[in-house]
Amino acid sequence: MCPGYADNDQGVTVPPWKIKVVEPIALGPEPERRRALETAGYNTFLLRSEDVFIDLLTDSGTSALSQEQRAAMELGDEAYAGSRSFFRLEQAVRETYGYRHVIPTHQGRGAEHLLAKVLVEPGQLVPSNLYFTTSRVHVELAGGVWTDVSIPEAEDPESTHPFKGNLDLAALERVLAAAAPERVAFVRVEACLNMAGGQPFSLANLVGVRELTRTHGVPLILDATRISENALFIKDREAGHADSTLAGLIREIADLADGAVFSSKKDHFVPIGGLLAVNDDDLAERVRELVVVYEGFPHYGGLAGHDMEALAQGIHESTDERIVRHYVSQSAYLAGLLLERGIPIVVPVGAHAVFLDAKRFLPHVPQEEFPAQALAAALYLAGAVRSMERGIVSGQRGNDPYDGLELVRLTIPRRVYTQEHLAYVADIVTDVYERRELVPGFQMVYEPAHLRFFQARFEPRAPFLEPPREKSRAAAVR
Ligand code: F0G
């Protein structure tokens, strides 16, 4: 146990902070929410945030800054080149993760873009656990072939496997034996596998991946976006690590890889920022040649000096077990309320979010009619709770068939909402669950060429969540 950490009787870690600045939020009436939803084409990405009461769209860039981060921002050195803030950031990354070369980018996908440009040749494979939307699209735009080598449990929302983020080592070995090293660009391992429900890998599995990549001579790159949470799950679930420090485990994970991409908008508590960090000198040089084309000078990579200061401080906070334990326990709390009420969610509960299983929540809606999209829209209409589709809209490319996970993500921004907010969210989910037969399927009326989930538009195939509930909890609150 680390100093200063305590759980309350509902199992939530008491936040190791108190609130100094607040931002007002308000619940609009049902007819306004319905209008907002129609204007947004039933896509929660297209809602205005002022029309949202509890915003669980994403944990990306939505965390609360600490007073130390805000204070550090005052020290931002906005020099174009040689910025003091860059060197502070470089030192924080080296101390925490150990990588020698640090290239800041405007956000995670900036790092993914550069990595794909330098490492992926047309036709080369990128074996990975499941996929992440932007990670995959950059590999594909570079001509690479995304190759899923996750364990089968990753796509089973009811499997209680404690490490659903693991790679299937036998499958990876088959791919590498057939194609490595020439036809494999790199192996990618994502910490707390987002699309599977925020599921960790075990340290033992990562060691196995390291051995295979070394034997077959291909680089191992981490998507370390949610490395702190993955480290906490290793501490709590994997035998032999209970007495490790979080910082020690984070470093142990990072040491196993040749480099990492980070979207710092998650575990590093900043509104904007990303990193590409590697050990190899040649690789770093090639990335620096490209960063000036796409992001900016290597000493800022699309970030302001004050952004790099906030990020350097955020990296230190991301190794504080009390802080990480608090937000992970918030997901567990919300999940516990939903499980008590028989609502189908992905288990084990992930770190950054609770994922509703839309296939079981709306069994009357076939997957081609976008049940997760419809469920996300219904949660908004019922109580102005904004969530995100993580199913066929996010997963399917072109005309490829897709019968994978169909989830709605209730993502918990770090250090932002209280237990009262989360209890309200549980009530709204329960309200929709009780009226689930009133949620029809959708048809897609606009489909963008890339990453369609961001901007696609939909129409319901039948009246949507009607008649409205007269005395819903949302109405009572009003
Ligand atoms: N990798 C992972 C695992 C991510 O979750 C994200 C972003 C990225 C890379 C890309 O980083 O957004 O900074 O460009 N995930 C966000 C989300 C968008 O809502 O899960 P980015």
Side-chain angles (χ1 to χ4, degrees), residues 43-45 49 55-63 103-116 126 128-141 146 148 150 154 164-165 186 188-201 221-230 253 257 259-277 294-295 301-303 307 310-311 314 318 327 331 346 350-355 372 376 386-391 393-395 405 407-414 416 450-455:
N43 183 345
T44 52
F45 274 101
S49 70
D55 201 347
L56 305 187
L57 182 72
T58 177
D59 62 332
S60 186
T62 52
S63 302
I103 296 122
T105 58
H106 75 284
Q107 60 183 77
R109 71 199 71 180
E112 293 172 335
H113 177 215
L114 297 174
L115 190 74
V126 177
S128 179
N129 43 356
L130 221 56
Y131 76 100
F132 186 71
T133 52
T134 57
S135 323
R136 182 172 72 185
V137 85
H138 281 299
V139 165
E140 290 177 345
L141 288 172
W146 195 268
D148 175 20
S150 56
K164 286 168 147 182
F186 61 95
R188 172 185 176 277
V189 178
E190 182 185 320
C192 270
L193 189 55
N194 195 357
M195 299 305 281
Q199 305 294 331
F201 53 70
I221 304 291
L222 275 180
D223 183 326
T225 296
R226 295 186 179 84
I227 190 173
S228 299
E229 308 156 12
N230 202 116
I253 294 170
V261 296
F262 294 82
S263 167
S264 292
K265 300 171 72 172
K266 284 80 168 177
D267 282 2
H268 298 155
F269 309 99
V270 285
I272 196 73
L275 297 165
L276 180 54
Y294 293 107
E295 299 280 323
L303 298 177
D307 294 331
L311 176 46
S318 77
Y327 65 74
S331 296
V346 176
H352 67 301
V354 176
F355 290 72
R386 172 151 73 168
S387 57
M388 185 193 291
E389 193 268 4
R390 296 276 73 159
V393 185
S394 303
L405 290 164
L407 310 177
V408 170
R409 190 180 71 177
L410 299 162
T411 337
I412 305 185
R414 296 166 185 78
V416 170
H450 298 294
L451 302 176
R452 62 184 187 165
F453 60 93
F454 280 125
Q455 299 178 89

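Start at 1 and go down the list; that is how both ligands and their atoms are numbered. For reference, positions follow the sequence shown, starting with 1.
Considering CZ of Arg390 and CZ of Phe355, their distance stands at 8.0 Å, rounded to 0.5 Å.
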- Please lay out, stage by stage, how Leu141 and His450 fare under the test side chain to side chain contact (heavy atoms under 4.5 Å, CB included). CA-CA 10 Å; Leu141 288 172; His450 298 294; 4.0 Å; yes

- Message: Please determine whether salt bridge (Lys or Arg N to Asp or Glu O under 4.0 Å) holds for the pair Asp59 and Lys266, giving the CA-CA distance in whole Å, both sets of side-chain angles, and the decisive distance to 0.1 Å.
- Response: CA-CA 6 Å; Asp59 62 332; Lys266 284 80 168 177; 5.5 Å; no

- Task: Carefully, step by step, assess Asn194 and His352 under the rule side chain to side chain contact (heavy atoms under 4.5 Å, CB included).
- Result: CA-CA 9 Å; Asn194 195 357; His352 67 301; 2.9 Å; yes

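The proximity of Arg409 to ligand 1, defined as any non-hydrogen pair under 4.0 Å, is limited to the side chain. When non-hydrogen atoms are compared, ligand 1 lies under 4.0 Å from the backbone of Arg109 as well as from its side chain.
Atoms of ligand 1 lying under 4.0 Å from at least one heavy atom of Thr58, given by number and element, are 17 (C), 19 (O). Using a 4.0 Å cut-off to heavy atoms of Arg226, the atoms of ligand 1 that qualify are 3 (C), 4 (C), 5 (O), 20 (O). Set against the non-hydrogen atoms of Thr225, the atoms of ligand 1 under 4.0 Å away are 1 (N), 2 (C). Listed by number with element, the atoms of ligand 1 under 4.0 Å from a non-hydrogen atom of Thr134 are 8 (C), 10 (C). Counting the atoms of ligand 1 from 1 in the order shown, those under 4.0 Å from a heavy atom of Met388 are 19 (O). Taking every heavy atom of Lys265 and a limit of under 4.0 angstrom, the matching atoms of ligand 1 come to 13 (O).
Using cut-offs of 30° and 60° on the angle between ring planes, the pair Tyr294 and His113 is perpendicular.
Between Thr44 and Met388, the shortest heavy-atom distance links the atoms OG1-CA, 4.2 Å. Taking all atoms of both residues into account, the shortest heavy-atom contact from Gln199 to Gly350 is NE2-N, 4.4 Å.
Of the options Lys266, His113, Gln107, the smallest heavy-atom separation from atom 18 (C) of ligand 1 is shown by Lys266. The nearest non-hydrogen atom to atom 11 (O) of ligand 1, considering only Gly273, Ser394, Ser263, comes from Ser263.
Protein heavy atom at the shortest distance from atom 2 (C) of ligand 1 is Asp223 OD2, 3.4 Å. Phe132 CE2, 3.2 Å is the protein heavy atom nearest to atom 6 (C) of ligand 1.
Backbone and side-chain nitrogen or oxygen atoms of Gly108 are examined, and one is located within less than 3.5 angstrom of a nitrogen or oxygen of ligand 1. Below 3.5 Å of separation, one finds an N or O of Asn194 facing an N or O of ligand 1.
Using a 3.5 Å distance cut-off with no hydrogens or angles, the side chains of Glu389 and Ser394 do pair a donor with an acceptor.
Contact check for Pro413 versus Leu56: side-chain heavy atoms found under the 4.5 Å cut-off.
Ligand 1 is approached by Glu112 to a heavy-atom distance shorter than 4.0 Å.
Between Glu112 and the choices Leu276, Val137, Thr134, Thr105, the side-chain contact (heavy atoms from CB on, under 4.5 Å) rule is met once, by Thr134.
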